[in-house]
Amino acid sequence: MLFAAIDFTFLIPLLVFVGFVGAVWAVLSMISNRNSRAQERLVRMSRPQSLADIDEKMPKKERFHGVMETAKALSKPLMPGTELEQSALKTKLANAGFRSDSAVAVYLGMRFGSLVTFFAISLVYALPRYGLTLGALKWIVILSGLGFYLPNIILWFIRRKRQQEIFLTLPDALDLLVVCVESGLGLDAAMRKVCEEMKNHAKIICEELNLANFQLQMGRPRREVLHDLGVRTGVDDVRSLAAILIQADRFGSSIAQALRVQSDSMRTRRKQIAEEKAAKTAVQLIFPLVLFIFPGIFVVLVGPAAISIMQTMLKPQ
């Protein structure tokens with residue numbers, strides 16, 4: 001009761017001041033980093049031509065260098081402790097389309113930053129209204145938990161949407177791949193042809209095939225490239241396609257025949273999925289019928305009769 005009687009509105013100007021100071025500090029840090037990078041470029045330009053050329057050929061990652069460093073610093077408290085957990089998180093991020101080496105650090109940094117942001121919002125909202133009571137603690141826990149799990153929910157949505165698009169565009173890509181292989185093209189040339197023909201309406205699957213082609217050109221074994229393709233997409237059909245191509249390459253069987261068998265099995269599986277969804281429709285319609293349609297029909301059919309009965313019963317004898 002003592003804490004409930006205390007007015008905590010004086011904390012709002014303090015929190016605003018702290019936020020303003022933090023924003024100014026962030027802007028000054030960005031300016032100082034930019035100046036330091038400019039000095040580094042001037043030093044590089046003043047070197048001999050050979051060293052300058054070597055520096056120019058090195059990959060440049062200066063655009064978001066400050067953001068990456070901040071995200072890595074924030075991600076340390078949430079970094080998984082084992083290699084297995086880190087690998088699982090990298091796989092999830094790759095399924096969502098984030099394949100950078102710093103993707104894990106950036107994601108965990110965003111998660112920690114979201115937690116801190118929602119925690120500050122909960123303090124600003126709950127303390128002036130409820131004080132140091134159980135109600136304020138409830139709002140702080142709810143908003144902080146929402147901020148902690150919000151990046152995970154967004155990642156799940158992006159990952160699911162991307163896998164759904166791959167699942168929907170894979171049959172066309174596989175049919176075109178079968179046609180190209182049966183016409184005499186090799187697997188690498190067939191994948192390039194599929195990417196050229198479908199790059200406008202199937203961007204994600206073409207991006208994955210282009211990456212696999214690039215890895216093959218760099219000299220990686222085809223078995224590893226196909227396995228990484230299945231793991232990177234996270235789609236069961238792509239995994240089964242990669243497994244069949246790996247077996248065909250290992251045993252020396254016809255790739256065209258393997259692709260034809262995979263195409264037929266995929267059509268059968270999709271037909272079964274459609275039949276399963278059609279069979280579930282009758283059960284799924286029960287709930288909207290009972291909740292929304294039957295009450296309206298009941299009111300329309302029984303309502304006039306009920307009104308007549310009530311009028312007859314209330315009429316004086």
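Heavy-atom basis, side chains included; hydrogens, waters and symmetry copies ignored. Being a predicted model, the structure only gives us computed values, none of them experimental.
The shortest side-chain heavy-atom distance between L245 and I255 falls under the 4.5 Å cut-off. Between L93 and L155, the closest side-chain pair of non-hydrogen atoms falls below 4.5 Å. Taking the side chain as every heavy atom from C-beta outward, L226 and D249 never approach each other to under 4.5 Å. Using a 4.5 Å heavy-atom cutoff, the side chains of L108 and L89 are in contact. Side-chain contact check for N152 versus Y107: some heavy-atom pair is nearer than 4.5 Å. At least one side-chain heavy atom of M266 sits less than 4.5 Å from a side-chain heavy atom of R270. The side-chain heavy atoms of Q163 and T233, taken from C-beta on, include no pair separated by under 4.5 Å. No side-chain heavy atom of E165 sits less than 4.5 Å from a side-chain heavy atom of I205.
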Legend entry - Intermediate values then yes/no, side chain to side chain contact (heavy atoms under 4.5 Å, CB included), I293 and I297: CA-CA 6 Å; I293 298 177; I297 295 176; 3.7 Å; yes
Inset, instruction - Using the side chain to side chain contact (heavy atoms under 4.5 Å, CB included) rule, take I244 and V261 through it: C-alpha gap first, then chi angles, then the decisive distance, then the call. - result: CA-CA 9 Å; I244 287 178; V261 172; 5.6 Å; no
Inset, instruction - Decide side chain to side chain contact (heavy atoms under 4.5 Å, CB included) for V225 and L211; before the verdict, give the C-alpha distance in whole Å, the side-chain angles of both, and the deciding distance to 0.1 Å. - result: CA-CA 9 Å; V225 171; L211 181 58; over 6 Å; no
Inset, instruction - Give the C-alpha distance, both sets of side-chain angles, the deciding distance and a yes or no for side chain to side chain contact (heavy atoms under 4.5 Å, CB included) between K193 and L176. - result: CA-CA 9 Å; K193 187 65 176 177; L176 185 57; 5.7 Å; no
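L216 and L209 fall into different hydrophobic clusters, defined by Ile, Leu, Val, Met, Phe, Trp and Tyr side-chain heavy atoms under 4.5 Å apart, directly or through other members. Cluster annotation: I273 and L168 are assigned to the same hydrophobic cluster (Ile/Leu/Val/Met/Phe/Trp/Tyr, side-chain heavy-atom contacts under 4.5 Å, transitive). Residue V235 is grouped with residue M198 when hydrophobic side chains (ILVMFWY) are merged at heavy-atom distances under 4.5 angstrom, including chains of intermediate members. One hydrophobic cluster, built from ILVMFWY side chains closer than 4.5 Å, holds both L289 and V302.
Between I166 atom CD1 and K161 atom NZ the span is 13.0 Å, to the nearest 0.5 Å. Put simply, SG on C180 and CG on L185 are 5.5 Å apart, with the number rounded to the nearest 0.5 Å. With rounding to the nearest 0.5 Å, the separation of CZ in R220 from NE2 in H227 is 10.5 Å. Here E197 contributes atom CD and N200 contributes atom CG; the two are 9.5 Å apart, rounded to the nearest 0.5 Å. L241 CG to L229 CG: the interatomic distance, rounded to the nearest 0.5 Å, is 7.5 Å. Of the inter-residue distances, the one linking E276 atom CD with R269 atom CZ reads 10.0 Å to the nearest 0.5 angstrom.
In summary, the side chains of S240 and Q262 do present a donor paired with an acceptor at a separation below 3.5 Å, with no hydrogens or angles considered. One side chain, D175 or S263, offers a donor N or O that lies under 3.5 Å from an acceptor on the other.
Cluster note: L291 groups with F292 through ILVMFWY side-chain heavy atoms spaced under 4.5 Å, whether in direct contact or through intervening members.
Relative to the six-membered ring of F98, R159 misses at least one condition, a distance below 6.0 Å or an angle of at most 45° to the axis.
Electrostatic pairing of R162 and E208 counts as a salt bridge here, judged by a charged N lying under 4.0 Å from a carboxylate O. Contact check on E207 versus R99 returns a salt bridge, with a Lys/Arg side-chain nitrogen under 4.0 Å from an Asp/Glu carboxylate oxygen.
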In a table with atom names and distances, give each donor-acceptor pair under 3.5 Å that connects a side chain of residues 135-151 to protein atoms at least two apart or in another chain.
from, atom 1, to, atom 2, distance (Å)
W139, NE1, Y130, OH, 3.4
S144, OG, I140, O, 2.7

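Shown here is M218, whose CE atom has more than 12 heavy atoms of other residues, nucleotides or ligands within 6.0 Å. Counting non-hydrogen atoms of other residues, nucleotides and ligands closer than 6.0 Å to CZ of R260 gives a total of 12 or fewer. The local environment of CZ in R160 is sparse, with at most 12 non-hydrogen atoms from other residues, nucleotides or ligands closer than 6.0 Å.
In this structure a side-chain-to-backbone donor-acceptor pair under 3.5 Å is missing from S114 to M110.
Of all heavy-atom pairs spanning A190 and L177, the tightest one is CB-CD1, 3.6 Å. When every heavy atom of K203 is checked against every heavy atom of K199, the shortest pair comes out as CG-O, 3.3 Å. Smallest separation of non-hydrogen atoms from L301 and P304: O-CD, 4.0 Å. The shortest non-hydrogen separation linking M191 to N213 is CB-ND2, 3.5 Å.
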